[in-house]
A.B. asks: 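Dumping the structure here so I can ask a few things about it.
Hydrogens, waters and symmetry mates play no part in the numbers below; they use all other heavy atoms, side chains included. For reference, positions follow the sequence shown, starting with 1.
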Amino acid sequence: MDAVVLCYNLEETEKGKKIEQIFRLLGCRVRHVKTAWFRSPLGVLTGIASGEENSPPYFGAGFSEEMLVMHLPGEEIFKLALQMMKREQAVVELKAILTPYNMKWDSIALYEELCREREAVTSAGRGSQGAERTEK
């Protein structure tokens with residue numbers, strides 16, 4: 001398996017340099033995704049699916065949050081990468097593993113899904129905290 005990590009909004013940043021070092025040390029290819037490529041399927045951007053990388057260029061504003069998309073050979077590498085990122089203080093909140101399901105999505109669709117998931121988790125956390133306060 002060709003291990004690849006797509007990086008968003010990390011190019012030429014200290015955190016981005018740390019993340020590149022971590023993943024290259026783990027044998028992964030690192031690719032910084034340009035805003036113009038945001039409408040290309042994730043599978044194409046990682047190089048594991050064939051298709052036009054330069055499908056219609058994206059001219060929108062995109063998003064400014066950092067995000068990672070990882071196509072890794074196993075769970076152990078994933079866990080090790082997360083540990084190393086935490087140790088190097090290079091944590092990225094929005095991250096996803098490439099799957100057969102999401103590899104057809106584009107970067108904008110994945111970003112929106114990760115934001116929905118984050119909001120759901122945050123809302124659930126607020127709800128359980130409220131329930132705890134009510135019980136006391």
Side-chain angles (χ1 to χ4, degrees):
M1 170 193 278
D2 189 24
V4 182
V5 178
L6 301 178
C7 297
Y8 295 81
N9 302 314
L10 287 160
E11 193 167 26
E12 298 181 20
T13 67
E14 284 304 311
K15 185 188 288 187
K17 290 174 187 171
K18 288 179 183 180
I19 287 171
E20 277 188 58
Q21 289 176 333
I22 290 166
F23 282 104
R24 287 200 172 122
L25 182 67
L26 295 172
C28 302
R29 187 167 47 94
V30 176
R31 183 168 195 203
H32 291 277
V33 180
K34 308 286 186 207
T35 306
W37 304 339
F38 279 13
R39 287 294 179 202
S40 296
L42 298 170
V44 173
L45 290 174
T46 58
I48 63 165
S50 60
E52 279 299 312
E53 186 173 294
N54 293 328
S55 38
Y58 180 72
F59 294 109
F63 51 89
S64 59
E65 285 185 88
E66 301 163 340
M67 184 171 81
L68 296 177
V69 178
M70 297 166 276
H71 183 250
L72 304 173
E75 190 175 339
E76 291 76 29
I77 296 289
F78 175 69
K79 288 179 179 179
L80 183 57
L82 293 180
Q83 290 171 355
M84 293 171 76
M85 288 169 59
K86 187 174 183 179
R87 185 178 65 227
E88 294 299 320
Q89 298 179 358
V91 176
V92 173
E93 185 177 346
L94 298 178
K95 51 193 162 294
I97 296 291
L98 191 69
T99 67
Y101 177 71
N102 68 16
M103 69 185 288
K104 296 176 182 151
W105 297 5
D106 64 29
S107 301
I108 298 293
L110 178 64
Y111 172 75
E112 290 171 349
E113 178 63 21
L114 290 175
C115 288
R116 280 191 293 273
E117 288 177 9
R118 176 177 56 192
E119 180 58 33
V121 168
T122 303
S123 295
R126 283 194 300 255
S128 66
Q129 289 174 352
E132 290 172 9
R133 286 187 196 127
T134 310
E135 293 174 8
K136 289 182 180 181

A.B. asks: Do I108 and V69 share a hydrophobic cluster, counting only Ile, Leu, Val, Met, Phe, Trp and Tyr and linking them when any side-chain heavy atoms are less than 4.5 Å apart?
C.D. replies: yes

A.B. asks: Would you check if the side chain of D106 reaches a backbone N or O of A109 as a donor-acceptor pair within less than 3.5 Å?
C.D. replies: yes

A.B. asks: Report the C-alpha distance between H71 and L42 in whole Å, list the side-chain angles of each, state the deciding distance to 0.1 Å, and finish with yes or no for side-chain contact (heavy atoms from CB on, under 4.5 Å).
C.D. replies: CA-CA 10 Å; H71 183 250; L42 298 170; over 6 Å; no

A.B. asks: Between K17 and E20 (salt bridge meaning N to carboxylate O under 4.0 Å), is one present in this structure?
C.D. replies: no

A.B. asks: Are the side chain of T13 and the backbone of L10 linked by a donor-acceptor contact shorter than 3.5 Å?
C.D. replies: yes

A.B. asks: Minimum heavy-atom separation for M103 and A49, please, with both atom names.
C.D. replies: CE-CB, 3.7 Å

A.B. asks: Please determine whether residues L72 and V91 belong to a single hydrophobic cluster, defined as Ile, Leu, Val, Met, Phe, Trp and Tyr linked transitively by side-chain heavy-atom distances below 4.5 Å.
C.D. replies: no

A.B. asks: Is there side-chain contact between C28 and V4, with heavy atoms separated by less than 4.5 Å?
C.D. replies: no

A.B. asks: Mind listing the closest non-hydrogen atom pair of G27 and A3 along with its distance?
C.D. replies: O-CB, 4.2 Å

A.B. asks: Going by an N to O cut-off under 4.0 Å, is there a salt bridge joining K79 and E75?
C.D. replies: yes

A.B. asks: Is there a path of hydrophobic side-chain contacts, each under 4.5 Å between heavy atoms, that joins L114 and V121?
C.D. replies: no

A.B. asks: Could you go step by step and tell me if L6 and Y8 meet the side-chain contact (heavy atoms from CB on, under 4.5 Å) rule?
C.D. replies: CA-CA 7 Å; L6 301 178; Y8 295 81; 3.9 Å; yes

A.B. asks: Less than 4.5 Å apart, any side-chain heavy atom of E11 and any of K34?
C.D. replies: yes

A.B. asks: Output the distance between atom CD (E88) and atom CE (M84), rounded to the nearest 0.5 Å.
C.D. replies: 7.0 Å

A.B. asks: Is the backbone N or O of T46 less than 3.5 Å from a side-chain atom of R29, with the two atoms forming a donor-acceptor pair by type?
C.D. replies: yes

A.B. asks: Assigning hydrophobic clusters by single linkage (Ile, Leu, Val, Met, Phe, Trp, Tyr; side-chain heavy-atom cutoff under 4.5 Å), is M70 placed with L25?
C.D. replies: yes

A.B. asks: Sub-3.5 Å donor-acceptor pair from the side chain of K18 to the main-chain atoms of A90, do we have one?
C.D. replies: no

A.B. asks: Of all residues at least two apart in sequence or in a different chain, which pass the ring pair (Phe, Tyr, Trp, His ring centres under 6.0 Å) check with F23?
C.D. replies: none

A.B. asks: Rounded to the nearest 0.5 Å, what separation is found between the CZ atom of F78 and the CG atom of L26?
C.D. replies: 12.0 Å

A.B. asks: Do F38 and F59 land in one hydrophobic cluster if side-chain heavy atoms of ILVMFWY residues count as linked below 4.5 Å?
C.D. replies: no

A.B. asks: So, do V30 and R24 sit near enough that their side-chain heavy atoms are less than 4.5 Å apart?
C.D. replies: yes

A.B. asks: Considering non-hydrogen atoms only, spot the tightest contact between C7 and I19 and give its length.
C.D. replies: SG-CG2, 4.2 Å

A.B. asks: Decide yes or no on side-chain contact (heavy atoms from CB on, under 4.5 Å) for L94 and F63, but give the supporting numbers first.
C.D. replies: CA-CA 12 Å; L94 298 178; F63 51 89; over 6 Å; no

A.B. asks: Which heavy atom in P41 sits nearest to a heavy atom in K104, and how many Å separate them?
C.D. replies: CB-O, 4.0 Å

A.B. asks: Could you give all pairs that pass the side-chain hydrogen bond (donor to acceptor under 3.5 Å, both in side chains) test and reach residues 60-69, with sequence neighbours left out?
C.D. replies: K15-E66, E65-Y111, E65-R118

A.B. asks: Please evaluate residues V33 and L45 with respect to the criterion side-chain contact (heavy atoms from CB on, under 4.5 Å), reporting the C-alpha separation (whole Å), side-chain torsions for both, the decisive distance (0.1 Å), and the verdict.
C.D. replies: CA-CA 8 Å; V33 180; L45 290 174; 4.1 Å; yes

A.B. asks: If you measure from CG on L68 to CD1 on I97, what distance do you get to the nearest 0.5 Å?
C.D. replies: 9.5 Å

